[in-house]
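Reading through the structure tokens given below for one structure.
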Amino acid sequence: MRTIFVTGGAGFIGSAFVRLVLDEHPDVSIVDYDALTYAGNLENLSGVDNARHTFIKGDICDREAVLAAVPEGCDAIFNFAAESHVDRSITSADEFLRTNVIGTQVLLDAARARDVRRFVQVSTDEVMGTLPDDSDEYFTESSPLRPNSPYAASKAAAEFVVRAARETHGVDAVITRCGNNYGPRQFPEKLIPLMIANAIDGEPLPVYGDGRNVRDWIYVDDHCRAIWLAYEKGRSGEAYNIGARNEKENITVVRAILDALGKPHDLIKFVTDRPGHDRRYAIDPSKAETELGWQPQVSWEDGLARTIAWYRSNEAWVSHVRSGEYREYYQAMYGGR
Ligand code: NAD
Ligand code: DAU
């Protein structure tokens, strides 16, 4: 048996990763460490086989708690835990710097103290900033890090502390940089689940600016498979860009959701743009394809249909996460927009 330590495993991507690993790798057991912030939700782990999965509630910035939780000699730490929403980082950046940077340093120190073989840092394409409209430029692993939002800056800083741990202390580390994920259990502050939930309820769909910003969408399980392969086959010190060659303008995504739900396009409401809004993300995943042997398996059409079906049949999950804090957030973010 191999044991791995996963942080943020009650969030959107972390919980999908936990499910995938337990399903596909019977020789792996998981210690899942998550602070259960507004974005963490134990319902995301419902149905998971707990014979090989141990959940520990804790903060990655809490050094003592992390040291107590990381098993001595475990095979890897996968760091998913983060503050992940750009709009929240624009309102207030402190928690982003704390969790995403300090938390990553604490985990790297724990990796050394507990003799962990490999550290996998789940990063994002946003560290590379933005690409011009209508160009044939793509993000590659040699693109400069030019983050534009406080969230992206904190993730870029996290990459640098990972690099420093490797160069200074010899920590074996790989970094993955993925584009926009979508799929079941994504918190409805992000574009696709927010639009699905609002469309189901017949509420306005708030599209920022002219709606022509481009994102490169990937089904969450395809991202998780790439992270696993980076852990198994990636070269220490390397970063791997992950993307499904699936660029879409936001307005195209929103219209596709309305069409799939049989809702009218006049629910779309153009609202004030996000400050510093990155125009276009587009990933060249050639390195992951050739070095890791990774290929996405889920098409955009199939992935979007699966995602919409999940939200339609999980109304209880949606209504739980949209109560309380979410209502205040939604009012503050969209109320006067
Ligand atoms: P999420 O917001 O859904 O989940 C984050 C999880 O981290 C939550 O369960 C939360 O409780 C936990 N967490 C937050 N602060 C913590 C702390 N201090 N200590 C312990 N746990 C804490 O995020 P997500 O969309 O699942 O993203 C997961 C990771 O993937 C992040 O590192 C993010 O930067 C990266 N990423 C996300 C995307 C995307 O499209 N969502 C794309 C590329 C990379
Ligand atoms: O590219 C990877 C990144 O993708 C991840 O690192 C982040 O964690 C994740 O949040 C995501 O960042 P984005 O800012 O691209 O995602 P978001 O879903 O917030 O927005 C997607 C696009 O949709 C973006 O151009 C802004 C726009 N948008 C978003 C919301 C929430 C709207 O037009 N209206 C909205 O209400």
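Keep in mind that what you see is a predicted model, and the values were worked out from it rather than measured. Sequence positions, counted from 1, serve as the residue numbers for this chain.
Residues meeting the side-chain contact (heavy atoms from CB on, under 4.5 Å) test with Ala156, sequence neighbours left out: Val127, Leu145, Pro147. Residues meeting the salt bridge (charged side-chain N to carboxylate O under 4.0 Å, His left out) test with Asp87, sequence neighbours left out: Arg274. Glu249 meets the side-chain contact (heavy atoms from CB on, under 4.5 Å) test with Arg212, Val214, Ile251, Thr252; sequence neighbours excluded. Taking the side-chain contact (heavy atoms from CB on, under 4.5 Å) definition, one finds that Ala256 meets it with Leu304, sequence neighbours left out. Shown here are the salt bridge (charged side-chain N to carboxylate O under 4.0 Å, His left out) partners of Asp62, two or more places apart in sequence or in another chain: there are none. In this structure, the side-chain contact (heavy atoms from CB on, under 4.5 Å) partners of Thr91, at least two apart in sequence or on a different chain, are Met333.
Residue pairs that meet the ring-ring contact (aromatic ring centres under 6.0 Å, His included) test with at least one member in residues 113-140, sequence neighbours left out, do not exist here. Residue pairs meeting the salt bridge (charged side-chain N to carboxylate O under 4.0 Å, His left out) criterion with at least one member in residues 172-182, sequence neighbours excluded: Arg118-Asp172, Glu159-Arg177. Pairs of residues two or more places apart, or lying in two chains, that qualify as salt bridge (charged side-chain N to carboxylate O under 4.0 Å, His left out) and include a residue from residues 26-39 are Arg2-Asp27. The ring-ring contact (aromatic ring centres under 6.0 Å, His included) pairs that include a residue from residues 140-195 are Tyr38-Phe187, Tyr182-Tyr219, Tyr182-Trp300, Phe187-Tyr326, where partners are two or more places apart or lie in different chains. Sequence neighbours left out, the pairs with a member in residues 229-263 that pass ring-ring contact (aromatic ring centres under 6.0 Å, His included) are Phe78-Tyr231, Trp228-Tyr231. For residues 8-19, no pair satisfies side-chain hydrogen bond (donor to acceptor under 3.5 Å, both in side chains), with sequence neighbours left out.
Using a 3.5 Å distance cut-off with no hydrogens or angles, the side chains of Asp284 and Thr140 do not pair a donor with an acceptor. Using a 3.5 Å distance cut-off with no hydrogens or angles, the side chains of Trp317 and Asn44 do pair a donor with an acceptor. Under 3.5 Å, the side chains of Asn79 and Gln121 contain a donor-acceptor pair of N or O atoms.
The pair Asp109-Arg114 does not count as a salt bridge, with every side-chain nitrogen at least 4.0 angstrom from each carboxylate oxygen.
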